[in-house]
Structure formats: structure tokens, C-alpha cells
Protein chains: 2
Amino acid sequence: MVKTEFSPIADTTRRAEIVALLRRAILTGQLEPGQKLNELRISEQMRVSRAPLREAMRELVQEGILTSIPYAGTFVINVTAKDIDDAYSLNKVLDEFAIERMWKQRDQRFLDELDRRHEAVKQATRDRDTTRQIETALQLHGLIHEWADNSVLLETWQRLTSRLQMYFALHQQARKEAVPAENVHETYVALLKGDDMRAAQRHAREHIDLDFEELLAYARGLERRPSKGA
Amino acid sequence: MVKTEFSPIADTTRRAEIVALLRRAILTGQLEPGQKLNELRISEQMRVSRAPLREAMRELVQEGILTSIPYAGTFVINVTAKDIDDAYSLNKVLDEFAIERMWKQRDQRFLDELDRRHEAVKQATRDRDTTRQIETALQLHGLIHEWADNSVLLETWQRLTSRLQMYFALHQQARKEAVPAENVHETYVALLKGDDMRAAQRHAREHIDLDFEELLAYARGLERRPSKGA
DNA sequence: GACAATCAGATTGTCGACAATCTAACAAGA
DNA sequence: TCTTGTTAGATTGTCGACAATCTGATTGTC
């Protein structure tokens, strides 16, 4: 019996690569909310035909970060303050659920991975790499969902994450500077290592509320100066 | 100012119609779990080219009821007992959240709609139309999510619903007969009309548990006789 | 000048054909 | 007999061209 394990090989369709490219462009704010995606132009830039591009766009529409109007075009979703509010309030519920489900599953491997991701956030912060900072922070947050052993929950959280990441990116871009102090997640990580599940759940809720207030304030600013896109 | 309200006109792309057709076929169990969808055959049957069919399939993959393996094909998802368990446990959380959010928003229009949907379930039950029975029961259940005024929640619930509907359809098909007594939802509806929010939340949880046990038992049966599809 | 009809340009939706890849059957060799 | 190499057929992925639809500018009329 062979002991080495192999991970699945990469998807090698153009479609998959296009999805990844577009998603990244949207989540990092390269493509602005409301902006229209011109199929011909993008397909020429990427040197692919419109078929795989269109299929990729359908996926992202279903993923919730694009929206499509027949014969009019496909657009990056517009971000409203209410959207952010909705996403965050649901995220709280999912976090509490996830913590409850993964609590008993914690083991050494979990703790190691927790430290690893925490370290990645701190590194990105030191590097002043805001994009990576957002990415790693969300990955740290996602660990509890990955360990909850509930595929539907994980999938749901990942969908939410896309939007959160997009909102954060806009937020950062608007302020033009790196943000949170390096130790923002210290308490969160410590609680996940501890023995008081209720405390961890409570903190997750409050910690989120903190970032949220700031983000919501920014979003309300957007409301007054809407994007010209759509 | 005009007072009449117009609903959006129908999407007139082939793609949208194909999505609807395929979704219905999957959710009613016409297409079995694990079954492969042959693009050429289906496109010929529908008298369309493969392009809009493929785009439609990408949407349904992202919707979670199809799964795709590059160069191998696209398949109806397989239903495992764990999937059902996962979906239901998450559904409980979402229901509780929805009830909390919509509680203060209840008004006469809500109560009317509640009655209307409840009546639809009872009608389908009297008609022994099991497919419609499932549809209407889920619509009744979905009302609280529609009134929670949280678009992300609604979207999430609708995704979950697709799977639940699929599971239910299989369940029904396997038993070959109509099921629940006509008054299953009486208590649920009554509590939603009442003044005790906690009680409504508790009942939603317990009521779901009831159906769930039956469904899970069926699912465990499936485990032992896996589909030959994929 | 205001308004409706028309038209050209651009863009999305759809089609049919070709290229890349997979599967399964068969043959060859250890 | 088991493994490996080959090949034919079927199926998915991608392409370029055409059809349907939208947008806005222009023209003509009152």
C-alpha cells in the first residue's frame, strides 16, 4: 500500500482560470462596483473566445458578485449599506453555529493551523500588504467553518466571504492605508484555544461588530455618492 | 403618479428557460442523483445549441444541484445522509434567525399571505399531488425568510431549499405515496400569528426535527444502495 | 423647440464546426 | 495472468461567425 497522498490536479480548463482571474479582480477592487464587463474586450485581453468567458461569468453571477441583465450586460454588484448590514448579521449567526459544531473537534492539527493562519495575518500586516491582509484575516476566520464538518455551512460561508472581501477591499482602497493593529485577533485566537465555548461565541460576535461599525460608516458614505456604473 | 405596479417581464433568453427546465427536472426527481447529463443529447431534445445549455448548466453547478468534472461531464449531485443532516441543522439556525428578524415586521399583509400559502399546502394535500405538496410546503416555510428583510439570508435559504426539495422528492418517490396529515402545519402557522416569538422559534426547530428523522432514515437506506451514476 | 420615427453602431445571445481530452476495448509482452 | 501500449469512438471544451436586441444619434414633422 502506498503511503503518499496526492491532491487533485489543477483544473486545466480556460473557464476555471478565467473564473479565478475575474474573481480576484472583483474582490481586490480592480473592477469597481456597478462596472460593466464588456465580453468582447475582456475576451480579447485574455486571448480567449467569448464562450468560456461567458460560462465563467455565469458562475460568478450565481456566486453573487456579478449580476446580469439579458441583452444589457453583466455588471459587478453594487454595494449598499444594507447589503453589508445583512451580510454581517448573518455572518454572526453562522460563526456561532460553526463554533458550536467544531468545538469538540479541536485537536493539535487544528491548533497548529490556527497559529499558522494567525501568523500569516501578522506577516501581511507587517508587510503593509492590505490586500493580503484582508485575504489572510478571512482565512483565519474561515478555519472554524472548515472544522465544523458541515459542507453546506462551509459553502454558505465562502459565498458570504466573497462579498465581505469585496466590501473590505473597497473600504481599504477608500482609506488608502493599512489598518488594524497587529494584535486585533489575539483574543479571538486565544479564546478558540481555551475551554469556554460561550465566551468564544460571544467574542466572535463582538469582534465582528467592531469592524462592522467602521465598514458600515464607509458604506453610508457610498450611499451618498453612488457609482455611475449601473 | 401611476398607481399600478408592474412585475418584471419574463427573461426571454433560451438560457433562462433551460435553467428552469433542468432545475425542475432535478428537483422533482426526474433526473436521478448521480446521473450524467449528456450535452449533445439534451441540446437535441430541447432543440437548442450546446452554448446556452452549457451556460445553464454552469449556473446550476454554482447553485449546488449539479457537479462538474472537467472533460468527464456534469452530474446531478449525490445525496448522502450527511448532506441531509448538514442541510437541516443549518436550516434550523437560519429559521431561528429569520423568525427573530421578521417578528416585528408582521402585519396584515403577512398574515394574509401566510394563510394563502397554508391553504395551498392543504389543497395540494387533498389533491394527493405530492410534488406540489413539497413545493407549497417549502413556500410556506420560506415566507419567514422573505419577510426577514435580509437579501443574503433569503438567497442562502433558497439555495438550501433547492437541496431540501430534491431530498424530499426522492423521499416521496421512494415511498410511492402521499404523506403528511393535512394539519401538520397548523401549529406552526398559529404560532407565527401569536405573540410568543421564542415559542415560534422552538416549534420551528422541533417541527423540522420531525420531518428530518423520517428523511434521515430514508437517506441511510440510500447509503447502503448507492446510485450507479457517479 | 419638442417629440416621434428611423437608422447605424455596438453588444449580447445563439449556432455549427473543430480541437482537446477521456473511456473502454483490444493487442502485445513479461 | 497481469500489466502496459495503442487505438477508435464518444464527449467535453473552445472557437469564429451570425442573429437578435439595445442604445443613442439623427432626421423629419408639428
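The chains referred to below are lettered A, B, ... by the order of the sequence lines, with proteins before strands, and numbering in each begins at 1. Side-chain atoms are counted along with the backbone in the values below, which use heavy atoms only and exclude waters and symmetry mates.
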Next on the checklist: I need the residues from residues 47-61 of chain B with at least one non-hydrogen atom less than 4.0 Å from DNA chain C; give them sorted by number, or say none.
Outcome noted: B:Val48, B:Ser49, B:Arg50, B:Ala51, B:Pro52
Checklist outcome for this item: When rounded to whole Å, the CZ to P distance for the pair B:Arg14 and C:dT12 reads 19 Å
Checklist entry - Using a distance-only test with no angle check, is there a side-chain donor-acceptor pair under 3.5 angstrom linking B:Asn150 and B:His145? => result no
Checklist entry - Got a sec, which residues hit side-chain contact (heavy atoms from CB on, under 4.5 Å) with B:Gln108, two or more places apart in sequence or on another chain? => result B:Leu111, B:Asp112
Next on the checklist: I'd like to know if the side chain of A:Gln133 pairs up with that of A:Asp129 as donor and acceptor (distance under 3.5 Å, no hydrogens or angles considered).
Outcome noted: no
Checklist outcome for this item: Heavy atoms of A:Gly29 and A:Ala169 approach each other most closely as N-CB, 4.3 Å
Checklist outcome for this item: Each nucleotide of nucleotides 6-11 of chain C classed B (base within 4.0 Å of a protein heavy atom), S (only sugar-phosphate) or -, in 5' to 3' order, makes -----S
Checklist entry - Can you list the residues that meet the side-chain contact (heavy atoms from CB on, under 4.5 Å) rule with A:Ser68, with sequence neighbours excluded? => result A:Arg58, A:Val61, A:Thr74, B:Arg15
Next on the checklist: Checking base pairs now: Watson-Crick or wobble, both atom distances under 3.5 Å. What partners D:dG5?
Outcome noted: C:dC26
Checklist entry - Whole Å only: how far is the CD atom of A:Glu17 from the P atom of D:dG13? => result 14 Å
Item to check | Exercise: do B:Asn91 and B:His141 side chains pair donor with acceptor under 3.5 Å | outcome: no
Checklist entry - Quick one: salt bridge (charged side-chain N to carboxylate O under 4.0 Å, His left out) partners of A:Arg14, sequence neighbours excluded? => result none
Item to check | Qualifying residues under salt bridge (charged side-chain N to carboxylate O under 4.0 Å, His left out), relative to B:Glu146, sequence neighbours excluded | outcome: B:Arg117
Next on the checklist: Measure CZ/A:Arg15 against P/D:dT14 and give the value in whole Å, please.
Outcome noted: 7 Å
